[in-house]
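As structure tokens, the structure follows; a few thoughts come after it.
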Amino acid sequence: MQTKIFNTSDPDLLKASQIIKSGGTLAFPTETVYGLGADATNKLAVAKIFQAKGRPSFNPLIIHCFSIEQIQSFALWSSQAQTVAEKFWPGPLTMVLPLLPESKISPLALAGLQTVAVRMPAHSVAQSILKLSNTPIAAPSANPSGAVSATKAEHVISRLTGKIEGIISGNSSKVGLESTIISFSPQPSILRFGAIDETDISKILGLDFKEKAKDPKISAPGQLSSHYAPKGSIRLNSKVFRKNEVSIGFGKIVCDLNLSREENLIEAAANLFDYLHRLDDMGAEKIAISPIPEEGIGIAINDRLRRAAAPR
Ligand code: TXA
Ligand code: MG
């Protein structure tokens with residue numbers, strides 16, 4: 001894949017935003033670290049993020065927005081959220097809010113959770129891209145999985161060229177540390193320490209944060225299987241499906257739901273969480289899933305499937 005490098009002039013930002021609009025992946029600066037963004041409502045675009053990062057598992061992504069109205073179209077807003085937003089947004093703070101049933105955000109971007117992490121960045125380039133592309137943008141830090149976050153365009157260029165559609169080479173990320181993540185439910189908690197101090201948030205809300213990021217279960221929700229395993233039992237690596245099973249296939253086979261007839265792993269990743277949700281809607285008690293190749297984003301798909309199939 002050819003990676004286009006853009007500067008921060010208006011014509012270049014417009015061209016860069018076209019990448020988001022057309023379902024591609026674009027690295028852009030935010031005030032914390034560089035983000036690797038894609039249209040959060042486009043499942044294939046979101047799958048490309050995981051593919052480019054080489055993430056071995058699906059971790060939920062932060063959804064970046066330019067206005068509160070935009071967030072209210074998919075997340076449940078509250079007076080606490082309003083108070084925090086008035087004080088810290090735009091800025092290096094992320095809030096986890098309940099997802100609305102009418103949300104158009106791809107379930108893959110949320111790793112199947114019923115909550116959504118949202119942030120309104122302060123960096124002018126990030127704001128321009130959000131406005132020009134006019135869609136919520138899912139963006140993890142723009143680094144290959146396991147590598148440190150990027151604070152300069154050069155970091156991204158050296159590691160992700162050839163793997164993503166575009167990189168905006170702009171002014172660097174001043175904060176250099178990821179956003180602080182807070183959640184209000186089940187109780188107010190800090191999920192990740194970051195650029196904004198916990199005590200400043202406590203003060204403005206007039207409350208104490210009970211849970212701390214030290215608890216690995218809380219800080220890494222993407223790793224928790226119980227959040228989104230379907231209710232039915234799962235049989236992995238099924239070459240033959242049984243009559244009493246709901247079948248999830250891969251490739252040109254007869255099945256109830258096909259992750260990708262063309263054996264395209266990006267398409268399979270894009271469909272995965274949607275299908276896992278559908279299984280519960282269908283009341284599936286026994287589920288069988290085709291073997292998925294253990295390569296590229298297939299590693300993350302298999303990781304997710306193993307967690308979903310693990311005994312509870
Ligand atoms: O500063 C930042 O936050 C940067 C810039 C690009 O905005 N982004 C970033 O994204 O650090 P990432 O993917 O590297 O980290 C996102 C964190 C993950 O630890 C993920 O588990 C957590 O946010 N997260 C996302 N959605 C969540 C949810 N619904 N509930 C709890 N945690 C969530
Ligand atoms: Mg990261």
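Order of listing sets the numbers, starting from 1, for every ligand and every atom in it. Here the structure is a predicted model, which means the values were calculated and not measured.
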Using a 4.0 Å cut-off to any heavy atom of [X], which atoms of ligand 1 qualify?
X: His64; result: 5 (C), 6 (C), 7 (O)
X: Leu113; result: 28 (C), 29 (N)
X: Thr32; result: 1 (O), 2 (C), 4 (C), 5 (C)
X: Ile181; result: 17 (C), 22 (C), 23 (O)
X: Leu191; result: 31 (C), 32 (N)
X: Thr115; result: 28 (C), 29 (N), 30 (N)

N/O of [X] under 3.5 Å from N/O of ligand 1, yes or no?
X: Thr30; result: no
X: Ser179; result: yes
X: Tyr34; result: no

*Taking Thr41 for the side chain and Asp39 for the main chain, is one N or O donor matched with an acceptor at less than 3.5 Å?*
no
*asked:* I want to check something: taking the side chain as every heavy atom from C-beta on, are Ile292 and Leu265 in contact at a cut-off of under 4.5 Å?
replied: yes
*Do the side chains of Pro140 and Asn59 get nearer than 4.5 Å, heavy atoms only?*
no
*Where does Asn59 meet ligand 1, judged by heavy-atom distances below 4.0 Å: at the side chain, the backbone, both, or neither?*
side chain
_For atom 26 (N) of ligand 1, the option (of Pro60, Pro140, Ser141, Gly35) bearing the nearest heavy atom_ = Pro60
_Proximal candidate to atom 15 (O) of ligand 1 [heavy atom criterion; set Arg192, Arg55, Glu178, Met95]_ = Arg192
_As a test of understanding, state which of Val118, Thr94, Thr30 forms a side-chain contact (heavy atoms from CB on, under 4.5 Å) with Ile62._
Thr94
*Check whether the side chains of Arg119 and Thr32 place a donor and an acceptor atom closer than 3.5 Å, and report yes or no.*
yes
_salt bridge (charged side-chain N to carboxylate O under 4.0 Å, His left out) contacts in which one or both residues fall within residues 56-78, not counting sequence neighbours_ = none
Measure the [atom1]-[atom2] distance between [X] and [Y] for me, rounded to the nearest 0.5 Å.
X: Leu61; Y: Leu110; atom1: CG; atom2: CG; value: 8.0 Å
X: Leu205; Y: Asp200; atom1: CG; atom2: CG; value: 11.0 Å
X: Leu100; Y: Phe74; atom1: CG; atom2: CZ; value: 9.0 Å

*Metal proximity, Ser141 vs the Mg ion (ligand 2), N/O/S cut-off 2.8 Å*: yes
